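These notes are about the structure you will find just below.
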Amino acid sequence: MTEVQRPPLTADERVQLIGWLDLQRSFVRMKCEGLNEEDAHSKVLDTSPLMTMAGLVAHLRWNEYSWFQLNLIGVPNTGQTPWTEGGHDDAEMFVDDIPLAQLLDDYDAECKRSNQTIAGLPLDAVEQGPYAAKGEAASLRYILCHMLEETARHLGHMDIIRELVDGKTGYTKMSEA
């Protein structure tokens with residue numbers, strides 16, 4: 001993912017929402033910069049063994065897919081998601097055998113696909129997927145706000161994990177820290 005800047009202070013709502021989400025997304029790769037495979041998959045929290053840097057990257061990738069592909073535009077779930085394969089609620093976080101670089105590339109590709117999916121949609125567009133059938137469809141505006149919250153919250157988890165793994169902190173490039 002290329003370096004992302006904050007959106008302009010007076011930009012319209014769409015530019016603000018997507019701009020802030022893209023900025024948060026860019027921090028995911030930055031937080032993983034310089035980690036070796038052992039540290040990326042290190043289980044540093046006894047009470048949350050699935051919460052690893054690699055697991056969080058995978059979780060964020062599948063959240064992008066779920067919200068923008070399955071829910072928003074109603075792409076059929078053909079059984080390729082981690083949740084349908086293993087039946088475990090957190091199945092997307094079982095990534096001990098997947099290299100961090102692959103997880104990050106998959107995440108970046110999914111974020112790009114998300115942006116392409118929403119490019120022509122108004123913020124008032126509503127979900128076409130399974131929640132729409134239940135009468136609980138969210139707007140694109142809601143989804144963007146939720147994804148901002150989801151990504152930022154997990155970046156906080158990544159901050160803690162990174163500090164526990166190797167002491168690196170902050171929002172500067174990890175190689176500069």
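What you are looking at is a predicted structure, and each value in this text was computed from that prediction instead of being measured.
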Exercise for the section: Hey, could you give me each pair passing ring pair (Phe, Tyr, Trp, His ring centres under 6.0 Å) that has a residue in residues 136-161? Not counting sequence neighbours. Expected result: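 For residues 136-161, and leaving out neighbouring residues, the ring pair (Phe, Tyr, Trp, His ring centres under 6.0 Å) pairs sorted by first residue read His59-His154, Trp67-His146, His154-His157.
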Could you list the residues that satisfy side-chain contact (heavy atoms from CB on, under 4.5 Å) with [X], not counting sequence neighbours?
| X | answer |
| --- | --- |
| Asn115 | Ile18, Asp22, Arg25, Ile118 |
| Pro99 | Glu37, Gln102 |
| Leu23 | Val4, Arg6, Trp20, Ser26, Phe27 |
| Asp97 | none |

With sequence neighbours excluded, residues passing side chain to side chain donor-acceptor pair (under 3.5 Å) with [X]:
| X | result |
| --- | --- |
| Thr117 | Gln69 |
| Gln5 | Glu3 |
| Thr52 | none |
| Asp96 | Lys43 |

Problem - Summary of side-chain hydrogen bond (donor to acceptor under 3.5 Å, both in side chains) pairs that have at least one residue in residues 120-132, sequence neighbours excluded - result: Asp124-Arg141
Practice task
Apply salt bridge (Lys or Arg N to Asp or Glu O under 4.0 Å) to Glu149 and list each qualifying residue two or more places apart in sequence or on a separate chain.
Solution key: Arg153
Practice task
List for me each residue that meets ring-ring contact (aromatic ring centres under 6.0 Å, His included) alongside His41, sequence neighbours excluded, and say none if there are none.
Solution key: none
